[in-house]
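Just so it is clear: chains get the letters A, B, ... in the order the sequence lines come, proteins before strands, and each one is counted from 1. For clarity, every value in this text was computed on a predicted model and none was experimentally measured.
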Number of protein chains: 2
Amino acid sequence: MESSPVLPKQAAQVGLAVDVVAFAMHAGELQVLLVKRGELPHAKVWALPGGFVQSGEELHEAALRELRTETTVTLEPRHLEQFYTFGEIGRDPRGRIVSVAHLAVLPHGAAKVEAGGHTVGAAWHSAHTPPPLAFDHQQILSRAIGRLQLRLEYANLALEFLPETFTLPELQVVYEAIGNRKLDKRNFRKRLLSLGILTPSGERRSGVGRPAQLYRKAKNVRVAAL
Amino acid sequence: MESSPVLPKQAAQVGLAVDVVAFAMHAGELQVLLVKRGELPHAKVWALPGGFVQSGEELHEAALRELRTETTVTLEPRHLEQFYTFGEIGRDPRGRIVSVAHLAVLPHGAAKVEAGGHTVGAAWHSAHTPPPLAFDHQQILSRAIGRLQLRLEYANLALEFLPETFTLPELQVVYEAIGNRKLDKRNFRKRLLSLGILTPSGERRSGVGRPAQLYRKAKNVRVAAL
DNA sequence: ACAAAAGTGTTGTTTCTACACCCATGT
DNA sequence: ACATGGGTGTAGAAACAACACTTTTGT
């Protein structure tokens, strides 16, 4: 399928992997998708979905594949980008394994996850206070949260966490959960509406209280890259 | 020196490389360090310094080594960080080669560069208008400039381009060269001084005109990561 | 009627931008 | 004296932060 690499003299023998930090909003909290490993090393420990890149497979394809086979996520990621490559020598006891870490955003409704592949469990966990993680995955997660917070503020990645139509209070919850802080309702509303990236639609009656206006993303999407 | 990787079933056979985008200021212009390749593919074409990661070598060590052996740079980089990993399948005709690209800042005075290793030339070139580059190095360079512009504004990376003491007009030139736009002298001066990251020292008489105040970086360095 | 959540404006502070002249030195 | 580059202040505009009450619905 491709020519085999002409590796020179003493290039390192490395394994190339991808790991995926998949975020979603559940119960007003920023959550991350974790799998419970079924194999050594770190069997029965929670870890990020991930694995080795296969021949003829692009990096982002490998990330998608791992997400789909290690868990049963029902929806497509709304956003997927590589954000850092972890290659420190001792990071994996099996040898020199370099992992290109990816950040994914899953839309609301991707709640049903099941284990698949070599995993014996899959579940959403609080992103800010996760369980103990295998390998250097805590470090990877922390860096992913940092990147997500950056992206939130200046590319409007928050919309990708919600269904197609949503209310402003729902959007505010996304900002608050990712930023881990409360925001003022009036200022938030002013700022978001003045950006002109939202268009209203019909109304909606939630369980209790006054019904909220529904919005959707405007035509002029601008999810700026880096 | 290390245990050989336990590579599973059909993991891809990949070569792992690093490339270095080394920036410096020369003649009031943002310049990038390029080498003229001595080997196929792309012999006699300008390229970023780079090469394969060796066993037992961390990624950033490999980046430093390539910088030191392919060119004779006299000074240590002031800043070195990985910024993106390029792994597209067709990017290198020799096979599947994944490159972790690094951004380096060399301080003023690193002007003398000579070819070394497998290269037949090494020289500084305009970063905004470089010559034709080998492989996907134009793409790597563009992304590096984008990252540098980001870092400039909110981590004060500009100081790393200058000698230990410098004048405000010199610093402004750095900002203008990286951002590729003119800045207002008064506003620039107000903003920088109000940050409180500069402390004055003695004076200096340049060739002509009124002598400028010299500054150095204050004690509270904050070169925020990511 | 009451509980619950949505919605709405103003004011003061800070930050950003635009803009033109005088100052200190070398020749 | 003059050429060269360094240095300075102000005013309007825009963005941001703090703050409390009214409205609409379901029960």
**Request:** Sequence neighbours left out, what passes ring pair (Phe, Tyr, Trp, His ring centres under 6.0 Å) with H125(B)? Give chain and number order.
**Result:**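 Ring pair (Phe, Tyr, Trp, His ring centres under 6.0 Å) list for H125(B), sorted by chain: W46(B).
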
**Request:** Go through the structure and list residues passing ring pair (Phe, Tyr, Trp, His ring centres under 6.0 Å) with F86(B), not counting sequence neighbours.
**Result:** Y84(B)

**Prompt:** Can you name the salt bridge (charged side-chain N to carboxylate O under 4.0 Å, His left out) partners of E61(A), sequence neighbours left out?
**Reply:** none

**Request:** Could you check which residues of residues 185-193 of chain A get a heavy atom under 4.0 Å from DNA chain C? Sort them by number, please.
**Result:** K185(A), R186(A), R189(A), K190(A)

**Item:** Contacting residues from residues 162-184 of chain A, given that a heavy atom lies under 4.0 angstrom of DNA chain C
**Value:**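 When residues 162-184 of chain A is checked for heavy atoms under 4.0 Å from DNA chain C, the hits, listed by number, are P169(A).
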
**Message:** If the test is side chain to side chain contact (heavy atoms under 4.5 Å, CB included), which one of L193(B), L159(B), T199(B) qualifies with Y215(B)?
**Reply:**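 For Y215(B), the side chain to side chain contact (heavy atoms under 4.5 Å, CB included) test succeeds with only one of L193(B), L159(B), T199(B), which is L193(B).
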
**Request:** Any pair with a residue in residues 119-138 of chain A that passes salt bridge (Lys or Arg N to Asp or Glu O under 4.0 Å), sequence neighbours left out, goes on the list, sorted by first then second residue, please.
**Result:** R91(A)-D136(A)

**Message:** Just verifying a value: how many Å separate K190(B) NZ and L195(B) CG, rounded to the nearest 0.5 Å?
**Reply:**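 The distance works out to 13.0 Å.
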
**Prompt:** Could you give the start and end, 5' to 3', of the contact zone on DNA chain C for chain A, using atoms under 4.0 Å from its heavy atoms?
**Reply:** dA4(C) to dT10(C)

**Item:** Close side-chain approach of L141(A) and I145(A), heavy atoms under 4.5 Å
**Value:** yes

**Asked** What about H102(A) and F83(A), are their ring centers closer than 6.0 Å?
**Response** no

**Item:** Residue pairs passing the ring-ring contact (aromatic ring centres under 6.0 Å, His included) test where at least one lies in residues 170-202 of chain B, sequence neighbours excluded
**Value:**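 ring-ring contact (aromatic ring centres under 6.0 Å, His included) check on residues 170-202 of chain B returns Y175(B)-F188(B).
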
**Message:** Restricting to side-chain hydrogen bond (donor to acceptor under 3.5 Å, both in side chains), what partner residues turn up for S142(B), sequence neighbours left out?
**Reply:** Q138(B)

**Request:** Only counting residues at least two apart or in another chain, list the ones meeting side-chain contact (heavy atoms from CB on, under 4.5 Å) with T167(A).
**Result:**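 If we apply the side-chain contact (heavy atoms from CB on, under 4.5 Å) test to T167(A), skipping adjacent residues, the hits are P169(A), E170(A), R204(A), A212(A), L214(A).
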
**Asked** Can you list the residues that meet the side-chain contact (heavy atoms from CB on, under 4.5 Å) rule with R68(A), with sequence neighbours excluded?
**Response**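 R68(A) satisfies side-chain contact (heavy atoms from CB on, under 4.5 Å) with L64(A), E76(A) once adjacent residues are dropped.
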
What's touching nucleotides 24-27 of chain D from the protein side, N or O pairs under 3.5 Å?
residue	atom	partner	partner atom	Å
dT24(D)	O2	R210(A)	N	3.3

